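Because the structure is predicted, anything quoted here is derived from the model rather than measured. Along the sequence shown, the residues carry numbers beginning at 1.
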Amino acid sequence: MTLVPAAARRAEDIEPFRVMAILARARALEAAGHDIIHLEIGEPDFATPAPVVEAGIAALRAGHTHYTPALGLPALRAAIAAYYGDRYGIDVAASRVCVTPGASGALLLAMAGLFNPGDEILLADPGYPCNRHFARLVEARAVGIPVGAETNYQLTAEAVARNWGPRTRGVLVANPGNPTGTLIAPEELAAIHAEVRARGGWLIVDEIYHELVYDSTPPSAVGMGEDVVVINSFSKYFLMTGWRLGWMLLPEAMLPSIDKLAQNIFLAAPTVAQHAALAALSADTRVLLEACKAELRLRRDDLLPELARLGFEVKNAPQGAFYCYADISRFGMTSEELAELLLIEAGVAITPGTDFGAHAASRHVRFAYTTSRERIRVAMRRIEAVLS
Ligand SMILES: Cc1ncc(COP(=O)(O)O)c(C=O)c1O
């Protein structure tokens, strides 16, 4: 065996996604002939809509295979700015848009561009696990604030004020959040903004699931002011996970720094994906996307009562995204034990809460309704058989 030097501490410090280990086990079981129902995967099962695929193919045929400017194709930056006008009635200058390789690229650029080593960023625990790792990567520190059902699993202005310390430089929220699918009320988000602004910090709002809110149409944080950094993506609502495309809106004054970082870290987001995304924002595609959203809503409405019937306690019904976050206390097992049991005995893959932070993580699991209603029904029957 070849001896290799040690990996850097920042790589060692980053915990692996447990869901990836579960996915790998699930795939191995499938390869051995078992039927596994995937309720762990954080991406919809729907294919990218045909007009988007066709636009991608046309872009390839037209030879659009070179780099775009680091901040993105000018036509796409303009289309994203126009989207805020059409969808939310907010005027946005195209010059504030930075197109990125997924929301992941935006989160990394935001961390690298807005925070110094040692700076602290407040975020909700449970929350999207990569955020704390992005902070680690730039030698900043993510401070997880325990949140529960009483605050809809989101940060509050009071929690931000209480936890703001001498090194705190920002707050990052996802609205709606992963793993809970729950929202921050607009007035609460405005109050958080006021707290952050009063302390001269950055407020970053990840709206990757914002178009997947089922029972209301909340305003975008873009409307709260140019100082709010808003991240979004073509991955979830637009069904383009594998195309790797997202975006970020920043204050005008930040663009030169972010441009430099983007040039150096990525050069640019994928060119073909950017051309395809122009079709994703068209009115025709929107009709198709809304049909998929309606289907996701039906799945949620099927799943919630079933989970309750089986003893999974979803304290706050998810208002958006495609996740249900359930308390499993009554089963007398940790979330990892239960996820293991359901994978092996029921052939159902779910995600243990330990992927999303430390707070009550062993008492919670996440169900992703990213498979068909029929398969979800079968999954519930199998889980019932195992747990009874
Ligand atoms: C809250 C949140 N933010 C960002 C991402 C990253 O998404 P992408 O890089 O595919 O746009 C995800 C993916 O699951 C997410 O759940």
Side-chain angles (χ1 to χ4, degrees), residues 15-20 22-23 38-45 102-108 110-111 121-135 142 144-149 151-155 171-184 189 204-214 218 220-221 230-241 246 248 293 296-297 299-300 303-304 307 314-327 335 339 349-361 364-371:
E15 298 147 44
F17 258 152
R18 287 170 184 85
V19 68
M20 291 321 246
I22 289 184
L23 186 58
H38 293 275
L39 300 182
E40 84 283 35
I41 297 180
E43 64 176 328
D45 51 330
S104 304
L107 286 161
L108 177 60
M111 290 285 178
I121 303 133
L122 307 181
L123 30 83
D125 177 356
Y128 180 57
C130 301
N131 290 334
R132 60 180 187 274
H133 301 149
F134 285 128
I145 312 294
V147 294
T151 64
N152 216 16
Y153 298 98
Q154 290 282 9
L155 292 182
V171 171
L172 168 55
V173 297
N175 197 31
N178 177 5
T180 57
T182 50
L183 281 168
I184 309 179
L189 192 56
I204 305 171
V205 184
D206 179 349
E207 294 191 342
I208 188 167
Y209 298 108
H210 205 260
E211 282 267 32
L212 291 174
V213 173
Y214 303 109
S220 167
V230 177
I231 289 173
N232 208 323
S233 174
F234 287 98
S235 283
K236 310 289 178 167
Y237 172 73
F238 296 97
L239 306 175
M240 293 177 69
T241 43
M248 174 161 60
K293 176 178 169 181
L296 287 171
R297 180 192 181 147
R299 292 178 186 176
R300 180 199 63 171
L303 181 59
L304 277 173
L307 290 177
V314 180
K315 292 182 182 139
N316 298 27
Q319 294 140 304
F322 29 68
Y323 307 117
C324 292
Y325 188 64
D327 189 321
S335 55
I350 60 170
T351 310
T354 40
D355 252 358
F356 306 104
H359 175 58
H364 291 86
V365 296
R366 186 191 76 176
F367 291 85
Y369 40 99
T370 48
T371 191

Subject >> Verdict with reasoning, Leu107 to Asn131, per side-chain contact (heavy atoms from CB on, under 4.5 Å) >> reply: CA-CA 7 Å; Leu107 286 161; Asn131 290 334; 3.5 Å; yes
Original post:
Run the side-chain contact (heavy atoms from CB on, under 4.5 Å) check on Val365 and Asp327 step by step: do they pass?
Top reply: CA-CA 7 Å; Val365 296; Asp327 189 321; over 6 Å; no
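Between the side chain of Lys293 and the backbone N or O of Val213 there is at least one donor-acceptor pair closer than 3.5 Å. Using modelled atom types, no side-chain atom of Arg18 and backbone atom of Pro352 make a donor-acceptor pair closer than 3.5 Å. Tyr153 contributes no side-chain N or O that, together with a main-chain N or O of Leu183, makes up a donor-acceptor pair within less than 3.5 Å. Proximity of a side-chain donor or acceptor of Asp355 to a complementary backbone N or O of Phe17 within less than 3.5 Å is not detected.
Atom CG of Leu212 sits about 9.5 Å away from atom NZ of Lys236, to the nearest 0.5 Å. Here Leu304 contributes atom CG and Cys324 contributes atom SG; the two are 4.5 Å apart, rounded to the nearest 0.5 Å. To the nearest 0.5 Å, the span separating CG on Asn232 from CG on Asp206 amounts to 7.5 Å. Distance CD/Glu207 to OH/Tyr237: 14.5 Å, rounded to 0.5 Å. Atoms NE2 and OG, from His210 and Ser233 in turn, are 14.5 Å apart once rounded to the nearest 0.5 Å. Summarising the geometry, atom CD1 belonging to Ile184 is positioned 5.0 Å from atom CG belonging to Leu189; distances are rounded to the nearest 0.5 Å.
Between Tyr325 and Asn316, the closest side-chain pair of non-hydrogen atoms is not below 4.5 Å. The shortest side-chain heavy-atom distance between Pro318 and Thr180 does not fall under the 4.5 Å cut-off. With a 4.5 Å cut-off on side-chain heavy atoms, Val147 and His359 do not count as touching. At least one side-chain heavy atom of Glu15 sits less than 4.5 Å from a side-chain heavy atom of Arg132. Taking the side chain as every heavy atom from C-beta outward, Thr371 and His38 never approach each other to under 4.5 Å. For the pair His364 and Thr354, the minimum side-chain heavy-atom distance is 4.5 Å or more. Taking 4.5 Å as the limit, every side-chain heavy atom of Val171 sits out of range of all side-chain heavy atoms of Ile204. The shortest distance between side-chain heavy atoms of Thr351 and Ile22 does not fall below 4.5 Å.
Aromatic rings of Phe322 and Tyr209 (six-membered ring for Trp) have centroids within the 6.0 Å cut-off, being under it.
Heavy-atom minimum distance, Arg366 versus Asn178: NH1-OD1, 2.9 Å. Of all heavy-atom pairs spanning Ala321 and Tyr369, the tightest one is O-OH, 3.3 Å. When all heavy atoms of Asp125 and Phe356 are compared, the closest pair comes out as OD1-O, 3.7 Å. Here the shortest heavy-atom pairing between Thr370 and Ile41 reads OG1-O, 2.9 Å.
Under the side-chain hydrogen bond (donor to acceptor under 3.5 Å, both in side chains) test applied with Gln319, the options Asn175, Asn152, Thr182 reduce to a single match, Asn152.
Scored by the salt bridge (Lys or Arg N to Asp or Glu O under 4.0 Å) test, Glu43 finds no partners at all (sequence neighbours excluded).
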